[in-house]
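Right, one structure below, let's go through it.
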Amino acid sequence: MAARPYVLLSCATSIDGYIDDATEQRLLLSNEEDLARIDAVRAGCDAILVGAGTVRRDDPRLVIRSERLRAAREARGLPPSPVKVTLTARGELDPAARFFTVGDADRIVYCASPAVEKTAELLDGLATVVDAGDPLDPARALADLAGRGVGRLMVEGGGTVHAQFLTAGLADELHLVVAPFFVGDPRAPRFVGDGAFPWHPGRRARLAEVRQIGDVVLVRYALSERCTEG
Ligand SMILES: NC(=O)c1ccc[n+]([C@@H]2O[C@H](COP(=O)([O-])OP(=O)(O)OC[C@H]3O[C@@H](n4cnc5c(N)ncnc54)[C@H](OP(=O)(O)O)[C@@H]3O)[C@@H](O)[C@H]2O)c1
């Protein structure tokens, strides 16, 4: 087993690089065809990770929507949906969130050491809470996932998590979907904030694929040698 799973980051942005707007409602960036593609990418992974911010703000279900894809996973001896994973320092997660209540997939919460005890109590019976250090170390969480048999991990945001995985060199592939509109509001979150990214003008990422999907475009970047093109 590799020291860490293959890590695929997935994100949808507006033309001006925002991943949400500043309203209470969740902003839909992808279209139906792209959501079906994302469902298939999820179905090909052992686990899906989102940050605690996304669990709180978007309340995602993180289950495979397609009956056919769920059945195909079961035929391969896998659970219908991948394991759900999140990261938290504070541990203040709502046990009623759909992350914990929808579907039968295993759920793992990587938590910074100081909050492990109270989080394990809060999520008793709903998730496995794992001590991931102080401060929480994403590489440690990835090593733990590898030890649990996760070979392929899809990271679906938000911006804080994406920035961490990218700046720490913990990503093998990036799927960036650009929706055909602007958000234009500095209060809204962007794909990533500032940081020292391993890809810069002197070290360009490898473009693996560009695909039109209805009115959005998917750009796939290979970020490590583990990512094979095409
Ligand atoms: N367009 C898209 O594809 C897409 C996808 C997903 C999300 N989003 C958007 O992204 C926004 C949320 O992004 P976000 O940056 O606020 O949140 P986030 O990246 O989802 O989660 C950040 C939180 O995760 C926990 N965390 C992450 N790394 C950690 C570490 N190394 N150590 C300890 N804790 C860690 C912390 O939780 P605690 O606060 O619990 O300590 C932190 O506050 C929402 O607006 C959502 O709609 C967009």
Side-chain angles (χ1 to χ4, degrees), residues 7-31 34-35 37-39 41-42 48-62 84-95 97-100 108-116 118-120 122-123 127 129-145 153-171 174-183 185-195 213 216-219:
V7 176
L8 185 163
L9 305 190
S10 172
C11 186
T13 77
S14 60
I15 293 173
D16 49 347
Y18 289 99
I19 59 170
D20 196 2
D21 60 20
T23 69
E24 286 300 308
Q25 272 79 44
R26 184 176 182 173
L27 177 68
L28 186 64
L29 289 141
S30 296
N31 56 33
D34 187 49
L35 290 172
R37 177 196 63 84
I38 292 169
D39 209 33
V41 176
R42 281 180 177 175
I48 306 170
L49 182 151
V50 296
T54 296
V55 173
R56 292 188 195 105
R57 164 126 177 109
D58 292 354
D59 195 16
R61 295 178 309 150
L62 302 181
K84 301 187 204 183
V85 181
T86 190
L87 307 177
T88 179
R90 293 184 284 139
E92 285 154 25
L93 289 159
D94 182 357
R98 291 192 283 195
F99 181 96
F100 299 109
I108 305 176
V109 176
Y110 289 100
C111 187
S113 309
V116 166
K118 74 163 190 201
T119 307
L122 180 71
L123 301 175
V129 178
V130 179
D131 188 337
D134 185 19
L136 187 154
D137 178 4
R140 180 164 159 179
L142 290 182
D144 184 83
L145 283 173
L153 173 71
M154 184 168 179
V155 176
E156 295 205 44
T160 306
V161 164
H162 277 143
Q164 280 187 29
F165 278 74
L166 288 166
T167 54
L170 295 173
L174 170 63
H175 292 190
L176 195 65
V177 163
V178 182
F181 57 81
F182 294 79
V183 170
D185 184 343
R187 294 169 305 166
R190 285 189 183 268
F191 167 40
V192 287
D194 298 338
I213 304 171
V216 305
V217 63
L218 164 69
V219 187

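Counting starts at 1 for both ligands and their atoms, following the listed order. Residue numbers run from 1 in the order of the sequence given.
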Looking only at protein heavy atoms, identify the closest one to [atom] and say how far it is in Å.
atom                    : value
atom 5 (C) of ligand 1  : E156 O, 3.1 Å
atom 28 (N) of ligand 1 : Q164 NE2, 3.0 Å
atom 25 (C) of ligand 1 : L87 O, 3.1 Å
atom 17 (O) of ligand 1 : G53 CA, 3.5 Å
atom 7 (C) of ligand 1  : T54 OG1, 3.2 Å
atom 1 (N) of ligand 1  : A12 O, 2.8 Å
atom 32 (N) of ligand 1 : L136 CB, 3.1 Å
atom 45 (O) of ligand 1 : D20 OD2, 2.6 Å

Minimum side-chain heavy-atom gap [X]-[Y] below 4.5 Å:
X    : Y    : value
F165 : L49  : yes
V183 : D16  : yes
V178 : I15  : yes
S10  : V41  : no
V216 : L218 : no
R56  : D94  : no

- Does L29 reach ligand 1 with a nitrogen or oxygen that is under 3.5 Å from one of the ligand's nitrogen or oxygen atoms? no
- For R61, does the CZ atom sit with more than 12 other heavy atoms under 6.0 Å from it, leaving out its own atoms?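 No - once you tally the heavy atoms of other residues, nucleotides and ligands closer than 6.0 Å, there are 12 at most.
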- Query: Heavy-atom distance from atom 48 (C) of ligand 1 to the protein below 4.0 Å?
  - Reply: yes
- Any protein heavy atom lying closer than 4.0 Å to atom 43 (O) of ligand 1?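 No, because not a single protein heavy atom sits under 4.0 Å from atom 43 (O) of ligand 1.
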- Query: Of all the atoms in ligand 1, which lie at a distance below 4.0 Å from a heavy atom belonging to G157?
  - Reply: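 Those qualifying, in numeric order: 6 (C), 20 (O).
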- Which ligand 1 atoms does R56 reach within 4.0 Å, using its non-hydrogen atoms? 38 (P), 39 (O), 40 (O)
Answer yes or no for [X]: is there a heavy-atom contact with ligand 1 below 4.0 Å?
X    : answer
R57  : yes
C11  : yes
A112 : no
H162 : no

Side chain, backbone, both or neither: which part of [X] comes within less than 4.0 Å of ligand 1 when only heavy atoms are counted?
X    : value
Q25  : neither
P189 : side chain
R90  : both

- Can you list every salt bridge (Lys or Arg N to Asp or Glu O under 4.0 Å) pair that touches residues 153-171, not counting sequence neighbours?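 Counting only pairs at least two positions apart or across chains, the salt bridge (Lys or Arg N to Asp or Glu O under 4.0 Å) contacts touching residues 153-171 are R42-E156.
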Closest to [atom] (judged by heavy-atom distance), picking from [options]:
atom                    : options               : answer
atom 46 (C) of ligand 1 : D58, I38, T88, T160   : D58
atom 18 (P) of ligand 1 : G159, G158, G193      : G158
atom 41 (O) of ligand 1 : G51, S10, A89         : A89
atom 9 (C) of ligand 1  : L27, I19, V155, D134  : I19
atom 24 (O) of ligand 1 : A52, A168, A163, C111 : A52

- Item | Side chain D21, main chain T23, donor-acceptor under 3.5 Å | yes
- Query: Which heavy-atom pair separates A52 from L93 by the least distance, and what is that distance?
  - Reply: CB-CD2, 3.8 Å
- Minimum-distance pair of heavy atoms, taken over all atoms of D185 and A22: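 Heavy atoms only, the tightest pair is OD2-CB, 3.6 Å.
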